[in-house]
Enquirer: 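One structure, as structure tokens, below. Some questions next.
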Amino acid sequence: MVELARRLIGTTFLVDGVGGVVVETEAYRADEPASHSHRGPRPRNAAMFGPAGRLYVYRSYGLHWCVNIVGGDAPGSAVLLRALAPTTGCEAMAVRRGLADPRRLCSGPGKLAAALGITGERDGAPVDGEGVALIDREADPAVVAGPRIGITKAADLPWRFGLAGSRYLSRPFPRHDTGVPA
DNA sequence: CCGCTGATAATCT
DNA sequence: GATTATCAGCGGA
């Protein structure tokens, strides 16, 4: 699953022609306690135990939608889409989000879902099905990794991935000191 | 640029 | 009854 999370960085994710480049993801697996799939199949997480390449959409904190892509390495694995660099349909995103600042449009899982108009209706939908598209990248981008955000269990696993140097992350990655002063 | 707080409901104990 | 894969708004530095 970790591999898919890495590989999704740099791909383009669109819903009804609106979206952008994936710049931040997190991997989740059934064998690890932070995952919704950890305690087995349930109504909410059914999509996580279904076919690979589908969406798992759930409601977070009772009010935000979050979007995952289901993996195929093992049952119950998925990659949370945490941030996009907006490229297409910025006007529609600005309207849905009620702001125009591209850096704040999709810089978080809930914001991303809101900007692309994703709700629970898309739960279980194929990533290349009706209105949804995932376009692979040309070359391998520089990817950075760090601990996942907003969880209390298994918080030490470095399964959050980001496009190096991107200005559209939900939060910066922990920086190693380069040792080279400016 | 922080850090804190309330909102809000499904899921879990 | 507690917890939660979050966010916007606010006040302070």
Side-chain angles (χ1 to χ4, degrees), chain A residues 1-9 13 15 20 22-50 52 54-71 73-86 93-125 127 143-163 166-175 182:
Chain A
M1 193 71 270
V2 176
E3 262 319 296
L4 176 60
R6 246 194 156 80
R7 192 160 56 78
L8 284 174
I9 300 296
F13 184 63
V15 173
V22 178
V23 298
E24 184 180 339
T25 62
E26 279 178 2
Y28 287 89
R29 294 198 320 206
D31 62 2
E32 152 264 316
S35 177
H36 289 170
S37 59
H38 185 238
R39 297 178 185 260
R42 272 172 185 66
R44 175 176 70 161
N45 63 20
M48 290 185 85
F49 290 91
R54 302 209 175 193
L55 302 182
Y56 163 48
V57 183
Y58 72 95
R59 213 203 267 281
S60 177
Y61 287 87
L63 46 118
H64 307 292
W65 294 104
C66 295
V67 186
N68 295 249
I69 294 177
V70 175
D73 58 326
S77 63
V79 172
L80 172 68
L81 299 182
R82 285 196 57 92
L84 303 183
M93 290 192 266
V95 170
R96 287 177 181 142
R97 297 268 297 111
L99 47 55
D101 180 3
R103 294 185 58 164
R104 294 175 52 191
L105 229 38
C106 303
S107 56
K111 303 181 195 178
L112 179 162
L116 272 60
I118 300 173
T119 68
E121 293 179 9
R122 298 274 188 191
D123 187 40
V127 289
V143 175
V144 291
R148 295 177 292 182
I149 292 180
I151 57 174
T152 55
K153 299 166 240 171
D156 51 321
L157 295 176
W159 287 357
R160 173 181 178 235
F161 299 94
L163 180 63
S166 173
R167 309 192 329 272
Y168 302 98
L169 302 171
S170 67
R171 293 172 50 175
F173 278 76
R175 286 193 185 267

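Quick caveat: nothing in here was measured; it's all calculated off a predicted structure.
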Enquirer: Kindly say if A/Arg59 contacts the phosphate of C/dT6, meaning a side-chain N or O under 4.0 Å from OP1 or OP2.
Expert: no
Enquirer: From B/dC12, C/dA5, B/dA7, pick the nucleotide closest to the side chain of A/Met48?
Expert: C/dA5
Enquirer: Could you check which of B/dT11, B/dT8, C/dA8 has an atom nearest any side-chain atom of A/Lys111?
Expert: C/dA8
Enquirer: Measuring to OP1 and OP2 of B/dC12, would you say a side-chain N or O of A/Arg42 lies under 4.0 angstrom away?
Expert: yes
Enquirer: Does the side chain of A/His64 get closer than 4.0 angstrom to OP1 or OP2 of C/dC7 through an N or O atom?
Expert: no
Enquirer: Could you tell me which nucleotide pairs with B/dC12 by Watson-Crick or G-U wobble geometry, both distances under 3.5 Å, or answer none if nothing does?
Expert: C/dG1
Enquirer: Measure CE/A/Met1 against P/C/dA5 and give the value in whole Å, please.
Expert: 18 Å
Enquirer: What is the separation between atom CZ on A/Arg44 and atom P on C/dA5, rounded to the nearest whole Å?
Expert: 7 Å
Enquirer: Take atom CG of A/Leu169 and atom P of C/dC7, then tell me their distance rounded to the nearest Å.
Expert: 13 Å
Enquirer: Mark yes or no for a side-chain to base donor-acceptor pair under 3.5 Å between A/Tyr61 and B/dA9, with no hydrogen or angle criteria applied.
Expert: no
Enquirer: From the options B/dT11, C/dA5, C/dC7, select the nucleotide whose nearest atom is closest to the side chain of A/Pro109.
Expert: C/dC7
Enquirer: Round to the nearest Å and state the distance from A/Arg82 atom CZ to C/dC7 atom P.
Expert: 7 Å
Enquirer: Quick one: does A/Phe13's side chain get under 4.5 Å of A/Leu116's, heavy atoms only?
Expert: yes
Enquirer: Please round to the nearest 0.5 Å and tell me the distance separating atom CZ of A/Arg171 and atom OG of A/Ser107.
Expert: 12.0 Å
Enquirer: I'd like to check A/Leu81 versus A/Val22 (side-chain heavy atoms, cut-off strictly below 4.5 Å). Are they in contact?
Expert: yes
Enquirer: Looking for any heavy atom pair under 4.0 Å, which part of the strands does A/Leu63 touch: base, sugar-phosphate only, or nothing?
Expert: base
Enquirer: Could you tell me how far apart A/Leu99 (CG) and C/dG9 (C1') are, to the nearest whole angstrom?
Expert: 13 Å
Enquirer: Taking the side chain from A/Arg97 and the backbone from A/Leu105, do they hold a donor-acceptor pair closer than 3.5 Å?
Expert: yes
Enquirer: If you only use heavy atoms from C-beta on, which nucleotide in C/dA5, C/dT4, C/dC7 is closest to the side chain of A/Ser35?
Expert: C/dA5
Enquirer: Roughly, in whole Å, what's the span from CZ in A/Arg160 to P in C/dA5?
Expert: 16 Å
Enquirer: For the side chain of A/Thr152, starting at C-beta, report the closest nucleotide among C/dA8, C/dT4, B/dT11.
Expert: C/dT4
Enquirer: Applying side-chain contact (heavy atoms from CB on, under 4.5 Å) between A/Glu24 and each of A/Leu163, A/Leu169, A/Leu112, report the one that passes.
Expert: A/Leu169
Enquirer: Measure the distance from NE2 on A/His38 to P on C/dT3 and round it to the nearest whole Å.
Expert: 19 Å
Enquirer: Starting at atom CD of A/Glu32, determine the distance to atom C1' of C/dA5, rounded to an integer number of angstrom.
Expert: 10 Å
